[in-house]
Amino acid sequence: METLINFLPSIIIIIIMFAVTLLIALYSTYGERKVAAFLQDRIGPNRAGPWGLLQPFADGVKMFTKEEIIPVSANKFLFILGPSIAMVCCLMTGVVLPWGGELTLFGRTFYLQAVDLSIGVLYVFAVVSVSVYGIMIGGWASNNKWSLMGAIRGSSQIISYELSMGLSIVALVLMTGTLSFREIVNQQHGGILHWNFLMQPLSFLIFLICAFAECNRSPFDLPECETELVGGFHTEYSSMKLGFYLFSEYINMFISSAVISALFFGGFNFPGMDWLLETTHSQNIVTLVGVGAYFIKIFFFIFFFMWVRWTIPRFRYDQLMNLGWKSLIPLALFNLAAMAVIEMVKHQHLFGF
Amino acid sequence: MIASIFYFLAFVSIFFAFMVVVSKNPVHSVLYLILTFFTIAGHYLLLNAQFLALVHIVVYAGAIMVLFLFVIMLLNLNVDKEPVNTNLMKFAGAIAGGSLMLVLIAVLSKTSIMLPAHPANTQIGLIKNLGKVLYTEYNLPFEIASILFLVAMIGAVILAKKNPHTT
(Lines give C-alpha, C1' and ligand atoms only; values in the text may rest on other atoms or scores of the structure.)
Protein backbone atom coordinates (compact mmCIF):
# COMPACT_ATOMS: atom_id res chain seq x y z
CA MET A 1 0.00 0.00 0.00
CA GLU A 2 2.80 2.38 0.97
CA THR A 3 4.58 1.82 -2.35
CA LEU A 4 1.33 2.45 -4.19
CA ILE A 5 0.92 5.81 -2.44
CA ASN A 6 4.51 6.67 -3.30
CA PHE A 7 3.86 5.88 -6.94
CA LEU A 8 0.52 7.69 -7.04
CA PRO A 9 1.88 11.22 -7.76
CA SER A 10 3.96 9.83 -10.63
CA ILE A 11 0.96 8.05 -12.11
CA ILE A 12 -1.26 11.13 -11.80
CA ILE A 13 1.43 13.32 -13.36
CA ILE A 14 1.83 10.87 -16.24
CA ILE A 15 -1.92 10.88 -16.92
CA ILE A 16 -2.15 14.69 -16.76
CA MET A 17 0.95 15.00 -18.93
CA PHE A 18 -0.53 12.60 -21.47
CA ALA A 19 -3.74 14.62 -21.71
CA VAL A 20 -1.96 17.97 -21.83
CA THR A 21 0.46 16.74 -24.49
CA LEU A 22 -2.38 15.56 -26.70
CA LEU A 23 -4.33 18.77 -26.14
CA ILE A 24 -1.35 20.96 -26.99
CA ALA A 25 -0.57 18.88 -30.07
CA LEU A 26 -4.22 19.20 -31.11
CA TYR A 27 -4.15 22.95 -30.77
CA SER A 28 -0.72 23.17 -32.39
CA THR A 29 -2.42 22.26 -35.66
CA TYR A 30 -4.80 25.17 -35.12
CA GLY A 31 -1.92 27.39 -34.05
CA GLU A 32 0.10 26.46 -37.09
CA ARG A 33 -2.72 27.43 -39.42
CA LYS A 34 -3.35 30.67 -37.58
CA VAL A 35 0.36 31.56 -37.54
CA ALA A 36 0.64 30.69 -41.23
CA ALA A 37 -2.37 32.88 -41.94
CA PHE A 38 -0.90 35.72 -39.89
CA LEU A 39 2.43 35.54 -41.69
CA GLN A 40 0.75 35.39 -45.09
CA ASP A 41 -1.71 38.15 -44.31
CA ARG A 42 -4.76 35.91 -44.30
CA ILE A 43 -7.40 35.18 -41.65
CA GLY A 44 -7.00 31.42 -41.26
CA PRO A 45 -9.60 28.97 -39.95
CA ASN A 46 -12.57 30.96 -38.62
CA ARG A 47 -15.70 28.91 -39.39
CA ALA A 48 -15.86 26.17 -36.72
CA GLY A 49 -16.71 27.83 -33.43
CA PRO A 50 -15.59 31.26 -32.25
CA TRP A 51 -12.32 32.24 -34.01
CA GLY A 52 -12.30 28.76 -35.51
CA LEU A 53 -11.39 27.27 -32.14
CA LEU A 54 -13.24 24.02 -32.85
CA GLN A 55 -11.31 23.47 -36.07
CA PRO A 56 -8.93 20.80 -34.60
CA PHE A 57 -11.92 18.72 -33.52
CA ALA A 58 -13.48 19.04 -36.96
CA ASP A 59 -10.18 17.87 -38.43
CA GLY A 60 -10.10 14.99 -35.97
CA VAL A 61 -13.59 13.86 -36.93
CA LYS A 62 -12.59 14.09 -40.57
CA MET A 63 -9.49 11.95 -39.95
CA PHE A 64 -11.46 9.32 -38.02
CA THR A 65 -14.29 8.98 -40.48
CA LYS A 66 -12.22 8.82 -43.64
CA GLU A 67 -11.99 5.52 -45.45
CA GLU A 68 -9.09 3.43 -44.28
CA ILE A 69 -7.06 2.07 -47.16
CA ILE A 70 -4.33 -0.52 -46.81
CA PRO A 71 -2.62 -1.24 -50.12
CA VAL A 72 -2.92 -4.85 -51.30
CA SER A 73 0.82 -5.28 -51.71
CA ALA A 74 1.62 -3.70 -48.36
CA ASN A 75 2.78 -5.69 -45.38
CA LYS A 76 -0.31 -5.26 -43.24
CA PHE A 77 1.15 -5.75 -39.77
CA LEU A 78 4.14 -3.49 -40.33
CA PHE A 79 1.94 -0.98 -42.14
CA ILE A 80 -0.05 -0.52 -38.93
CA LEU A 81 3.01 -0.81 -36.70
CA GLY A 82 4.79 2.17 -38.34
CA PRO A 83 2.48 4.99 -37.19
CA SER A 84 2.00 3.26 -33.83
CA ILE A 85 5.75 3.34 -33.15
CA ALA A 86 5.90 7.00 -34.20
CA MET A 87 3.09 7.86 -31.78
CA VAL A 88 4.33 5.78 -28.83
CA CYS A 89 7.90 7.06 -29.08
CA CYS A 90 6.95 10.72 -29.10
CA LEU A 91 4.62 10.26 -26.11
CA MET A 92 7.31 8.44 -24.10
CA THR A 93 9.78 11.32 -23.92
CA GLY A 94 7.84 13.61 -21.62
CA VAL A 95 8.15 11.25 -18.66
CA VAL A 96 11.58 12.51 -17.62
CA LEU A 97 10.91 16.22 -18.12
CA PRO A 98 10.54 18.37 -15.00
CA TRP A 99 7.29 20.30 -15.40
CA GLY A 100 7.63 22.18 -12.14
CA GLY A 101 9.31 22.38 -8.75
CA GLU A 102 8.11 21.17 -5.37
CA LEU A 103 4.41 21.04 -4.66
CA THR A 104 2.92 20.27 -1.23
CA LEU A 105 -0.56 18.81 -1.29
CA PHE A 106 -2.35 16.89 1.49
CA GLY A 107 0.79 17.00 3.62
CA ARG A 108 2.95 15.32 1.01
CA THR A 109 5.70 17.00 -0.95
CA PHE A 110 6.51 15.89 -4.43
CA TYR A 111 8.09 17.16 -7.61
CA LEU A 112 6.04 17.88 -10.70
CA GLN A 113 7.98 15.28 -12.61
CA ALA A 114 6.94 11.71 -13.31
CA VAL A 115 10.37 10.11 -12.93
CA ASP A 116 13.68 11.75 -12.15
CA LEU A 117 16.05 9.46 -14.01
CA SER A 118 19.71 10.05 -13.22
CA ILE A 119 20.27 9.56 -16.96
CA GLY A 120 17.25 11.50 -18.20
CA VAL A 121 19.05 13.19 -21.10
CA LEU A 122 20.29 9.84 -22.32
CA TYR A 123 16.77 8.44 -22.05
CA VAL A 124 15.49 11.16 -24.36
CA PHE A 125 18.21 10.24 -26.83
CA ALA A 126 17.33 6.58 -26.68
CA VAL A 127 13.67 7.33 -27.42
CA VAL A 128 14.58 9.70 -30.26
CA SER A 129 16.91 7.15 -31.81
CA VAL A 130 14.23 4.47 -31.65
CA SER A 131 11.57 6.73 -33.16
CA VAL A 132 13.35 6.48 -36.54
CA TYR A 133 11.76 3.05 -36.91
CA GLY A 134 8.30 4.59 -37.17
CA ILE A 135 9.31 6.31 -40.38
CA MET A 136 11.42 3.46 -41.74
CA ILE A 137 8.95 0.67 -41.12
CA GLY A 138 6.01 2.72 -42.38
CA GLY A 139 7.82 3.68 -45.56
CA TRP A 140 9.03 0.18 -46.28
CA ALA A 141 5.77 -1.59 -45.49
CA SER A 142 3.86 0.64 -47.95
CA ASN A 143 5.66 -1.21 -50.76
CA ASN A 144 5.92 1.94 -52.81
CA LYS A 145 9.05 3.44 -54.31
CA TRP A 146 8.32 6.98 -53.20
CA SER A 147 7.44 5.90 -49.71
CA LEU A 148 10.70 3.97 -49.45
CA MET A 149 12.70 6.93 -50.78
CA GLY A 150 10.97 9.23 -48.31
CA ALA A 151 11.62 6.81 -45.46
CA ILE A 152 15.30 6.51 -46.34
CA ARG A 153 15.67 10.26 -46.67
CA GLY A 154 13.91 10.81 -43.38
CA SER A 155 15.86 8.27 -41.41
CA SER A 156 19.25 9.24 -42.82
CA GLN A 157 18.45 12.85 -41.95
CA ILE A 158 17.47 11.94 -38.41
CA ILE A 159 20.56 9.76 -37.89
CA SER A 160 22.87 12.45 -39.27
CA TYR A 161 21.51 15.19 -37.07
CA GLU A 162 21.36 12.97 -34.00
CA LEU A 163 25.18 13.01 -33.98
CA SER A 164 25.61 16.76 -33.72
CA MET A 165 22.67 16.92 -31.30
CA GLY A 166 24.42 14.43 -29.04
CA LEU A 167 27.73 16.27 -29.26
CA SER A 168 26.12 19.61 -28.40
CA ILE A 169 24.49 18.03 -25.36
CA VAL A 170 27.74 16.42 -24.26
CA ALA A 171 29.23 19.92 -24.01
CA LEU A 172 26.29 20.98 -21.83
CA VAL A 173 26.61 17.87 -19.67
CA LEU A 174 30.33 18.58 -19.28
CA MET A 175 29.43 21.95 -17.75
CA THR A 176 26.55 20.85 -15.56
CA GLY A 177 28.10 17.53 -14.57
CA THR A 178 24.80 15.66 -14.58
CA LEU A 179 22.39 13.93 -16.94
CA SER A 180 19.34 14.47 -14.76
CA PHE A 181 16.87 17.02 -16.08
CA ARG A 182 15.85 18.20 -12.60
CA GLU A 183 19.47 18.77 -11.64
CA ILE A 184 20.17 20.73 -14.86
CA VAL A 185 17.09 22.91 -14.34
CA ASN A 186 17.90 23.53 -10.68
CA GLN A 187 21.41 24.66 -11.59
CA GLN A 188 19.89 27.42 -13.72
CA HIS A 189 18.13 28.92 -10.72
CA GLY A 190 18.75 32.59 -10.02
CA GLY A 191 17.87 34.87 -12.91
CA ILE A 192 18.27 34.94 -16.65
CA LEU A 193 22.06 35.27 -16.35
CA HIS A 194 22.26 31.70 -15.08
CA TRP A 195 20.36 30.17 -17.98
CA ASN A 196 22.41 27.86 -20.11
CA PHE A 197 21.81 29.55 -23.45
CA LEU A 198 24.06 32.39 -22.30
CA MET A 199 26.77 30.04 -21.07
CA GLN A 200 26.50 27.70 -24.06
CA PRO A 201 25.33 29.74 -27.03
CA LEU A 202 26.95 27.43 -29.56
CA SER A 203 25.45 24.32 -27.99
CA PHE A 204 22.05 25.97 -27.99
CA LEU A 205 22.30 26.94 -31.65
CA ILE A 206 23.37 23.46 -32.75
CA PHE A 207 20.71 21.82 -30.61
CA LEU A 208 18.02 24.09 -32.02
CA ILE A 209 18.98 23.33 -35.63
CA CYS A 210 19.11 19.62 -34.90
CA ALA A 211 15.73 19.76 -33.18
CA PHE A 212 14.26 21.14 -36.39
CA ALA A 213 15.83 18.30 -38.33
CA GLU A 214 14.72 15.66 -35.82
CA CYS A 215 11.11 16.83 -35.98
CA ASN A 216 11.18 16.79 -39.79
CA ARG A 217 10.10 20.39 -39.67
CA SER A 218 10.73 22.92 -42.38
CA PRO A 219 13.40 23.86 -43.54
CA PHE A 220 14.36 20.21 -43.04
CA ASP A 221 11.05 18.60 -44.04
CA LEU A 222 12.63 16.60 -46.84
CA PRO A 223 10.94 13.29 -45.93
CA GLU A 224 7.65 14.75 -47.08
CA CYS A 225 8.93 16.99 -49.85
CA GLU A 226 5.82 17.16 -52.01
CA THR A 227 7.46 18.28 -55.24
CA GLU A 228 9.89 15.38 -55.36
CA LEU A 229 8.39 12.51 -53.43
CA VAL A 230 4.60 12.87 -53.67
CA GLY A 231 3.89 12.61 -49.93
CA GLY A 232 7.11 11.10 -48.61
CA PHE A 233 6.98 8.07 -46.34
CA HIS A 234 3.26 8.46 -45.64
CA THR A 235 2.12 8.58 -49.29
CA GLU A 236 0.06 5.40 -48.89
CA TYR A 237 -1.40 6.29 -45.53
CA SER A 238 -4.92 7.51 -45.06
CA SER A 239 -7.39 8.12 -42.26
CA MET A 240 -6.19 7.95 -38.64
CA LYS A 241 -2.91 6.24 -39.50
CA LEU A 242 -1.91 9.33 -41.45
CA GLY A 243 -3.32 11.30 -38.52
CA PHE A 244 -0.91 9.48 -36.18
CA TYR A 245 2.08 10.46 -38.29
CA LEU A 246 1.01 14.10 -38.52
CA PHE A 247 0.08 14.16 -34.86
CA SER A 248 3.40 12.67 -33.77
CA GLU A 249 5.13 15.51 -35.62
CA TYR A 250 3.24 18.06 -33.53
CA ILE A 251 3.90 16.16 -30.31
CA ASN A 252 7.58 16.00 -31.24
CA MET A 253 7.52 19.74 -31.72
CA PHE A 254 6.02 20.24 -28.27
CA ILE A 255 8.46 17.85 -26.61
CA SER A 256 11.46 19.40 -28.40
CA SER A 257 10.34 22.83 -27.24
CA ALA A 258 10.04 21.47 -23.71
CA VAL A 259 13.52 19.90 -23.86
CA ILE A 260 15.06 23.11 -25.26
CA SER A 261 13.37 25.20 -22.56
CA ALA A 262 14.50 22.82 -19.82
CA LEU A 263 18.09 22.49 -20.98
CA PHE A 264 18.84 26.02 -22.13
CA PHE A 265 16.15 28.37 -20.84
CA GLY A 266 15.92 27.44 -17.20
CA GLY A 267 12.85 25.21 -17.38
CA PHE A 268 10.46 26.28 -14.64
CA ASN A 269 12.81 28.98 -13.34
CA PHE A 270 11.71 32.55 -13.91
CA PRO A 271 13.13 35.97 -13.04
CA GLY A 272 12.04 37.11 -9.58
CA MET A 273 11.55 33.58 -8.26
CA ASP A 274 13.26 34.22 -4.92
CA TRP A 275 11.44 37.51 -4.52
CA LEU A 276 8.08 35.79 -5.01
CA LEU A 277 9.03 33.13 -2.47
CA GLU A 278 9.98 35.79 0.09
CA THR A 279 6.82 37.83 -0.36
CA THR A 280 4.31 34.98 -0.47
CA HIS A 281 6.15 32.39 1.70
CA SER A 282 4.44 29.70 -0.31
CA GLN A 283 6.40 27.21 -2.34
CA ASN A 284 3.16 26.07 -4.02
CA ILE A 285 2.49 29.48 -5.59
CA VAL A 286 6.08 29.72 -6.81
CA THR A 287 5.81 26.25 -8.31
CA LEU A 288 2.56 27.01 -10.09
CA VAL A 289 3.93 30.28 -11.50
CA GLY A 290 7.00 28.28 -12.53
CA VAL A 291 4.84 25.80 -14.42
CA GLY A 292 3.22 28.78 -16.17
CA ALA A 293 6.63 30.24 -17.01
CA TYR A 294 7.76 26.88 -18.39
CA PHE A 295 4.73 26.64 -20.63
CA ILE A 296 5.19 30.22 -21.86
CA LYS A 297 8.72 29.25 -22.92
CA ILE A 298 7.43 26.09 -24.58
CA PHE A 299 4.73 28.01 -26.46
CA PHE A 300 7.30 30.52 -27.61
CA PHE A 301 9.42 27.74 -29.10
CA ILE A 302 6.41 26.12 -30.75
CA PHE A 303 5.67 29.52 -32.28
CA PHE A 304 9.32 29.74 -33.30
CA PHE A 305 9.03 26.40 -35.11
CA MET A 306 6.04 27.72 -37.05
CA TRP A 307 7.64 31.08 -37.69
CA VAL A 308 10.72 29.48 -39.24
CA ARG A 309 8.53 27.28 -41.44
CA TRP A 310 7.21 30.33 -43.28
CA THR A 311 10.53 32.17 -43.31
CA ILE A 312 13.22 29.82 -44.57
CA PRO A 313 12.81 27.79 -47.78
CA ARG A 314 13.45 24.07 -47.81
CA PHE A 315 17.02 22.81 -48.16
CA ARG A 316 18.10 20.65 -51.05
CA TYR A 317 19.10 17.15 -49.96
CA ASP A 318 22.85 17.55 -50.54
CA GLN A 319 22.76 20.92 -48.78
CA LEU A 320 21.09 19.24 -45.82
CA MET A 321 23.76 16.54 -45.61
CA ASN A 322 26.58 19.06 -46.09
CA LEU A 323 25.20 21.23 -43.30
CA GLY A 324 24.86 18.26 -40.98
CA TRP A 325 28.13 16.49 -41.58
CA LYS A 326 30.51 19.25 -42.68
CA SER A 327 29.35 22.21 -40.62
CA LEU A 328 27.42 21.16 -37.55
CA ILE A 329 29.52 18.17 -36.46
CA PRO A 330 32.89 20.00 -36.66
CA LEU A 331 31.29 22.98 -34.93
CA ALA A 332 29.91 20.72 -32.20
CA LEU A 333 33.31 19.05 -31.79
CA PHE A 334 35.00 22.43 -31.51
CA ASN A 335 32.42 23.49 -28.95
CA LEU A 336 33.03 20.30 -26.97
CA ALA A 337 36.82 20.79 -26.99
CA ALA A 338 36.47 24.44 -26.00
CA MET A 339 34.11 23.50 -23.17
CA ALA A 340 36.55 20.86 -21.95
CA VAL A 341 39.37 23.41 -21.79
CA ILE A 342 37.15 25.98 -20.04
CA GLU A 343 36.02 23.42 -17.49
CA MET A 344 39.60 22.37 -16.79
CA VAL A 345 40.68 25.97 -16.28
CA LYS A 346 37.69 26.53 -14.04
CA HIS A 347 38.53 23.52 -11.90
CA GLN A 348 42.24 24.39 -12.14
CA HIS A 349 43.40 21.07 -13.48
CA LEU A 350 45.17 22.57 -16.46
CA PHE A 351 48.89 23.45 -16.32
CA GLY A 352 49.06 22.14 -12.77
CA PHE A 353 47.56 25.22 -11.14
CA MET B 1 9.15 -11.29 -8.58
CA ILE B 2 12.57 -10.46 -10.06
CA ALA B 3 13.17 -14.10 -10.90
CA SER B 4 9.89 -14.42 -12.78
CA ILE B 5 10.63 -11.23 -14.72
CA PHE B 6 14.02 -12.66 -15.55
CA TYR B 7 12.59 -15.95 -16.80
CA PHE B 8 9.97 -14.13 -18.85
CA LEU B 9 12.58 -11.81 -20.41
CA ALA B 10 14.93 -14.72 -21.04
CA PHE B 11 12.16 -16.66 -22.76
CA VAL B 12 11.18 -13.66 -24.89
CA SER B 13 14.74 -12.87 -25.91
CA ILE B 14 15.46 -16.48 -26.89
CA PHE B 15 12.17 -16.61 -28.80
CA PHE B 16 12.99 -13.42 -30.76
CA ALA B 17 16.56 -14.60 -31.39
CA PHE B 18 15.11 -17.82 -32.74
CA MET B 19 12.74 -15.88 -34.97
CA VAL B 20 15.70 -13.92 -36.38
CA VAL B 21 17.08 -17.16 -37.77
CA VAL B 22 13.76 -18.65 -38.84
CA SER B 23 12.22 -15.64 -40.65
CA LYS B 24 12.27 -15.91 -44.42
CA ASN B 25 12.14 -12.15 -45.00
CA PRO B 26 15.43 -10.38 -44.15
CA VAL B 27 13.60 -7.24 -43.01
CA HIS B 28 11.60 -9.30 -40.53
CA SER B 29 14.84 -10.85 -39.29
CA VAL B 30 16.28 -7.40 -38.64
CA LEU B 31 13.12 -6.30 -36.83
CA TYR B 32 13.24 -9.41 -34.61
CA LEU B 33 16.90 -8.68 -33.91
CA ILE B 34 15.91 -5.17 -32.76
CA LEU B 35 13.35 -6.70 -30.39
CA THR B 36 16.05 -9.05 -29.11
CA PHE B 37 18.24 -6.05 -28.31
CA PHE B 38 15.38 -4.49 -26.38
CA THR B 39 14.95 -7.60 -24.25
CA ILE B 40 18.70 -7.65 -23.60
CA ALA B 41 18.43 -4.02 -22.47
CA GLY B 42 15.73 -5.28 -20.11
CA HIS B 43 18.21 -7.78 -18.69
CA TYR B 44 20.67 -4.95 -18.05
CA LEU B 45 17.94 -3.06 -16.22
CA LEU B 46 17.33 -6.11 -14.03
CA LEU B 47 21.04 -6.03 -13.17
CA ASN B 48 20.61 -2.36 -12.12
CA ALA B 49 22.79 -1.18 -15.01
CA GLN B 50 20.63 1.69 -16.27
CA PHE B 51 23.43 3.37 -18.18
CA LEU B 52 24.40 0.20 -20.00
CA ALA B 53 20.76 -0.52 -20.88
CA LEU B 54 20.18 2.90 -22.41
CA VAL B 55 23.50 2.98 -24.24
CA HIS B 56 22.72 -0.49 -25.56
CA ILE B 57 19.43 0.83 -26.97
CA VAL B 58 21.01 4.00 -28.39
CA VAL B 59 23.94 2.21 -30.01
CA TYR B 60 22.51 -1.11 -31.13
CA ALA B 61 18.79 -0.52 -31.64
CA GLY B 62 19.12 3.15 -32.54
CA ALA B 63 22.20 3.25 -34.74
CA ILE B 64 23.59 -0.08 -35.87
CA MET B 65 20.29 -1.78 -36.63
CA VAL B 66 19.02 1.31 -38.46
CA LEU B 67 21.99 0.97 -40.81
CA PHE B 68 21.30 -2.76 -41.21
CA LEU B 69 17.70 -2.02 -42.05
CA PHE B 70 18.85 0.67 -44.46
CA VAL B 71 21.05 -1.64 -46.45
CA ILE B 72 18.51 -4.44 -46.55
CA MET B 73 15.69 -2.12 -47.59
CA LEU B 74 17.84 -0.58 -50.34
CA LEU B 75 18.90 -3.97 -51.66
CA ASN B 76 15.23 -4.98 -51.52
CA LEU B 77 15.92 -8.67 -51.07
CA ASN B 78 12.94 -10.75 -52.02
CA VAL B 79 12.32 -14.38 -51.30
CA ASP B 80 12.42 -15.31 -54.98
CA LYS B 81 15.45 -13.17 -55.76
CA GLU B 82 17.53 -14.63 -52.95
CA PRO B 83 20.08 -17.26 -53.95
CA VAL B 84 18.60 -20.66 -53.13
CA ASN B 85 20.39 -22.49 -50.37
CA THR B 86 21.55 -25.83 -51.65
CA ASN B 87 21.33 -28.96 -49.54
CA LEU B 88 25.09 -28.93 -49.17
CA MET B 89 24.93 -25.46 -47.61
CA LYS B 90 22.20 -26.52 -45.21
CA PHE B 91 24.17 -29.63 -44.26
CA ALA B 92 27.36 -27.64 -43.66
CA GLY B 93 25.45 -25.06 -41.63
CA ALA B 94 23.81 -27.72 -39.49
CA ILE B 95 27.15 -29.40 -38.75
CA ALA B 96 28.91 -26.12 -37.93
CA GLY B 97 26.11 -24.87 -35.69
CA GLY B 98 25.64 -28.28 -34.08
CA SER B 99 29.31 -28.63 -33.17
CA LEU B 100 29.29 -25.16 -31.60
CA MET B 101 26.25 -26.15 -29.55
CA LEU B 102 27.99 -29.40 -28.52
CA VAL B 103 31.05 -27.48 -27.29
CA LEU B 104 28.89 -24.96 -25.42
CA ILE B 105 26.87 -27.70 -23.72
CA ALA B 106 30.04 -29.59 -22.81
CA VAL B 107 31.59 -26.48 -21.25
CA LEU B 108 28.52 -25.12 -19.52
CA SER B 109 27.45 -28.45 -18.01
CA LYS B 110 30.64 -28.50 -15.93
CA THR B 111 30.15 -25.03 -14.40
CA SER B 112 28.49 -24.41 -11.11
CA ILE B 113 26.67 -21.24 -10.16
CA MET B 114 29.34 -18.69 -9.34
CA LEU B 115 28.93 -16.32 -6.44
CA PRO B 116 30.95 -13.11 -6.27
CA ALA B 117 33.93 -13.58 -3.96
CA HIS B 118 33.49 -10.24 -2.20
CA PRO B 119 30.15 -8.51 -1.71
CA ALA B 120 29.22 -7.17 -5.15
CA ASN B 121 28.55 -3.47 -5.50
CA THR B 122 24.96 -3.30 -6.72
CA GLN B 123 25.24 0.41 -7.46
CA ILE B 124 28.11 0.04 -9.92
CA GLY B 125 25.79 0.27 -12.94
CA LEU B 126 24.65 3.80 -12.09
CA ILE B 127 26.31 6.38 -14.27
CA LYS B 128 28.13 8.22 -11.47
CA ASN B 129 29.87 5.14 -10.10
CA LEU B 130 30.52 3.70 -13.54
CA GLY B 131 32.11 6.94 -14.73
CA LYS B 132 34.34 7.15 -11.66
CA VAL B 133 35.56 3.58 -12.09
CA LEU B 134 36.09 3.98 -15.83
CA TYR B 135 38.10 7.18 -15.53
CA THR B 136 40.23 6.19 -12.56
CA GLU B 137 40.76 2.47 -12.20
CA TYR B 138 40.32 1.51 -15.84
CA ASN B 139 41.52 4.71 -17.49
CA LEU B 140 44.13 3.08 -19.73
CA PRO B 141 41.91 0.31 -21.18
CA PHE B 142 39.19 2.91 -21.72
CA GLU B 143 41.52 5.20 -23.65
CA ILE B 144 42.87 2.29 -25.69
CA ALA B 145 39.31 1.29 -26.60
CA SER B 146 38.56 4.84 -27.73
CA ILE B 147 41.70 4.83 -29.89
CA LEU B 148 40.45 1.58 -31.45
CA PHE B 149 37.19 3.33 -32.31
CA LEU B 150 39.09 6.25 -33.80
CA VAL B 151 41.15 3.91 -35.96
CA ALA B 152 38.01 2.15 -37.17
CA MET B 153 36.42 5.50 -37.97
CA ILE B 154 39.43 6.70 -39.96
CA GLY B 155 39.48 3.37 -41.79
CA ALA B 156 35.82 3.77 -42.75
CA VAL B 157 36.43 7.31 -44.00
CA ILE B 158 39.40 6.19 -46.12
CA LEU B 159 37.41 3.28 -47.58
CA ALA B 160 34.50 5.55 -48.45
CA LYS B 161 36.71 8.25 -49.94
CA LYS B 162 37.04 8.22 -53.69
CA ASN B 163 40.53 7.54 -54.95
CA PRO B 164 41.57 10.59 -57.02
CA HIS B 165 43.74 8.44 -59.30
CA THR B 166 41.08 5.99 -60.37
CA THR B 167 38.13 8.31 -60.97
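In what follows, every chain begins at residue 1, and chains take the letters A, B, ... in the order their sequences are listed. These values consider heavy atoms only, across backbone and side chains, with no hydrogens, waters or symmetry-generated copies.
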### Message
Can you list everything that forms a side-chain contact (heavy atoms from CB on, under 4.5 Å) with V130(A)? Sequence neighbours excluded, please.
### Response
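Checked V130(A) against side-chain contact (heavy atoms from CB on, under 4.5 Å); matches are C89(A), Y133(A), F38(B), I57(B).
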### Task
Can you sort out the partners of N252(A) under side-chain contact (heavy atoms from CB on, under 4.5 Å), two or more places apart, ordered by chain and number?
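If we apply the side-chain contact (heavy atoms from CB on, under 4.5 Å) test to N252(A), skipping adjacent residues, the hits are C90(A), C215(A).
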### Message
Distance alone, cut at 3.5 Å: any donor-acceptor contact between the side chains of Y317(A) and S156(A)?
### Response
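S156(A) and Y317(A) do have a side-chain donor-acceptor pair below 3.5 Å.
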### Task
Could you please state which residues from residues 49-56 of chain B sit under 4.5 angstrom from chain A, measuring non-hydrogen atom to non-hydrogen atom, sorted by number, or 'none'?
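Within residues 49-56 of chain B, the residues under 4.5 Å from chain A are Q50(B), F51(B), L54(B), V55(B).
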### Query
chain A: which of V59(B), L67(B), V27(B), L69(B) shares the most heavy-atom pairs with it under 4.5 Å?
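If we count pairs closer than 4.5 Å to chain A, V27(B) comes out on top.
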### Task
Below 4.5 Å from any heavy atom of chain B, which atoms of I159(A) appear? Answer side chain, backbone, both or neither.
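Looking at I159(A), just its side chain touches chain B.
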### Query
With sequence neighbours left out, which residue pairs that include part of residues 58-71 of chain B fulfil the salt bridge (charged side-chain N to carboxylate O under 4.0 Å, His left out) condition?
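The answer is none; no pair qualifies.
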### Query
Between the main-chain N or O of L263(A) and the side-chain N or O of N196(A), is there a donor-acceptor pair closer than 3.5 Å?
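Checking the backbone N and O of L263(A) against the side chain of N196(A), a donor-acceptor pair under 3.5 Å is found.
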### Query
Under 3.5 Å, is there a donor-acceptor pair between the side chain of S203(A) and the main chain of S168(A)?
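Yes, because the side chain of S203(A) sits within donor-acceptor range (under 3.5 Å) of the backbone of S168(A).
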### Query
Quick one: CG on L172(A) to CG on L167(A), what's the gap to the nearest 0.5 Å?
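These two atoms lie 13.0 Å from each other.
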